[in-house]
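Everything numeric in this text was worked out from a predicted model, so none of it was measured.
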Amino acid sequence: MRPPADMEDTGVARPSLTGFGLLLLRRWWLLLALALAAGGTAAILHGRRPRLYSVSVLVTVRRNANSAPPAESARMTRAERCVRLLKDPEALDLLAERLAAASHWRCDAKSAAARLRTRMFVRQDVGNRVVITFRDESPEVAALVANGCAELLKELAGAEERQALAVRIGQYEAALTGTRKERKSAESELRTFHERNGIVSVGHAANTWSRIAAEFAAMRLAREAELAGLQKLSGDRNRQQMLRVEIGRISTELGRLTAPAAGNVKTEPPHRSVPLPPLSALPALAQQEQELHERQRRCRIRESILLRQLELCRAELTPDSGLVKVVRPANAPRRPAGPGLA
């Protein structure tokens with residue numbers, strides 16, 4: 001019986017793991033040389049990589065402001081909006097143009113923008129603080145660029161703030177114009193109300209009716225005293241009869257004035273050419289007058305608030321609103337942060 005074909009002795013030695021291991025042991029110096037060559041190459045490449053200096057600028061963003069945030073960032077804090085502003089591609093291009101023009105880098109604006117995108121880092125710190133970090137081969141350039149980023153942030157945030165303030169001022173002015181028109185309309189209605197009813201005010205009319213009633217009562221007391229004197233002296237009987245009739249008429253008028261149905265009184269007040277509104281109409285007139293006064297009061301309060309807000313917005317509408325302040329500017333570092341990408 002013949003053995004299988006794969007077990008036939010062909011006369012050629014086949015490699016095995018044991019033989020491979022023995023070969024590595026005999027050639028250990030070759031492995032050591034390869035390891036040393038690889039390590040040396042890595043060290044050389046690592047040493048040739050540029051050493052980058054890292055600097056940071058700390059800025060604060062004012063929290064209280066009278067301007068409304070833009071509609072697309074209404075849910076963002078002011079610090080978050082500042083981070084978004086500085087990361088905007090247009091802002092980076094603008095900063096790159098300024099850096100290229102100032103010869104901070106010996107490159108064009110396009111290359112400067114590419115460096116900014118890879119070497120500038122903006123993040124929100126605790127609260128309303130923003131940290132701007134930049135890395136460069138030159139510590140002086142790194143500090144200049146970081147401070148330039150902070151100045152650009154102040155400029156962009158101030159421009160956005162002024163734009164929002166201008167919008168808010170327009171809204172306040174429109175609301176103030178409408179409030180003033182409403183107040184003047186209420187004042188005109190109140191004057192028409194007084195002229196239509198022939199009164200200075202409902203309270204004045206009520207006081208006038210009270211004075212009229214007092215005059216009638218005084219007249220009745222005078223007539224009664226005169227009648228009592230005539231009766232005591234048995235004076236002129238015709239005069240006594242006239243006094244009794246006059247006292248009765250005055251009592252009737254006085255009773256009608258003080259009765260609940262005094263609205264039907266047509267009596268003219270003494271020494272008055274324009275009749276007063278009836279007493280029964282005074283409660284309704286007083287309510288109407290109160291509503292007109294309340295309308296005027298609300299308009300005046302709203303007008304005062306709008307004027308105050310308008311003054312605050314105009315006071316903040318300055319070239320340097322102080323929205324962003326540099327707390328800790330960047331200084332040239334003495335030691336590099338580590339190697340970076342070329």
Side-chain angles (χ1 to χ4, degrees), residues 64-69 74 164-224 246-317:
N64 56 333
N66 294 302
S67 60
L165 283 171
V167 172
R168 181 57 63 88
I169 286 174
Q171 294 174 349
Y172 283 151
E173 289 178 345
L176 186 61
T177 301
T179 302
R180 284 173 174 171
K181 288 182 179 179
E182 185 178 355
R183 176 178 57 80
K184 291 180 180 179
S185 175
E187 292 174 353
S188 177
E189 290 183 13
L190 184 61
R191 286 194 300 268
T192 303
F193 171 79
H194 289 156
E195 292 173 359
R196 184 175 63 248
N197 293 282
I199 57 176
V200 177
S201 66
V202 176
H204 183 267
N207 293 333
T208 302
W209 276 118
S210 298
R211 187 170 63 253
I212 291 171
E215 291 177 0
F216 274 119
M219 290 170 60
R220 186 177 64 177
L221 288 175
R223 300 300 185 274
E224 289 176 350
E246 191 172 353
I247 289 172
R249 182 179 63 82
I250 292 174
S251 298
T252 302
E253 294 293 342
L254 186 60
R256 293 171 65 183
L257 280 174
T258 57
N264 298 323
V265 176
K266 302 297 181 182
T267 304
E268 293 286 338
H271 314 295
R272 182 177 173 88
S273 59
V274 181
L276 287 172
L279 282 174
S280 61
L282 291 184
L285 293 177
Q287 183 176 0
Q288 296 178 22
E289 185 183 48
Q290 182 180 2
E291 290 176 355
L292 291 173
H293 280 299
E294 182 64 21
R295 182 181 169 189
Q296 284 188 20
R297 188 186 69 84
R298 289 195 300 267
C299 289
R300 290 193 181 96
I301 293 175
R302 188 162 60 249
E303 183 178 354
S304 176
I305 294 174
L306 290 172
L307 282 173
R308 178 60 178 168
Q309 294 296 328
L310 190 59
E311 291 175 358
L312 291 175
C313 288
R314 286 174 175 171
E316 292 187 3
L317 193 61

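Nearest heavy atoms, L176 versus L307: CD2-CD2, 3.4 Å. When every heavy atom of F193 is checked against every heavy atom of L285, the shortest pair comes out as CZ-O, 3.4 Å. Annotation for L310 and Y172: closest pair CD1-CB, 3.8 Å, computed over non-hydrogen atoms. For Q296 against E187, the heavy-atom pair with the smallest separation is NE2-CA, 3.2 Å.
Listed by chain and residue number, nothing satisfies the side-chain hydrogen bond (donor to acceptor under 3.5 Å, both in side chains) test with Q290 (two or more places apart in sequence, or in another chain). In this structure E291 satisfies the side-chain hydrogen bond (donor to acceptor under 3.5 Å, both in side chains) test with no other residue, sequence neighbours excluded. By the salt bridge (charged side-chain N to carboxylate O under 4.0 Å, His left out) test, E173 is found to be paired with R314, residues two or more places apart in sequence or in another chain being considered.
The closest donor-acceptor contact from the side chain of T192 to the backbone of S188 lies under 3.5 Å.
With rounding to the nearest 0.5 Å, the separation of CZ in R168 from CD in Q309 is 8.0 Å. Annotation: the span from E294 atom CD to Q287 atom CD amounts to 12.5 Å, rounded to 0.5 Å. T177 OG1 to E182 CD: the interatomic distance, rounded to the nearest 0.5 Å, is 13.0 Å. Between atom CD1 of residue I301 and atom OG1 of residue T179 there is a gap of 12.0 Å, rounded to the nearest 0.5 Å.
For CZ of R300, the number of neighbouring non-hydrogen atoms (other residues, nucleotides, ligands) closer than 6.0 Å is greater than 12.
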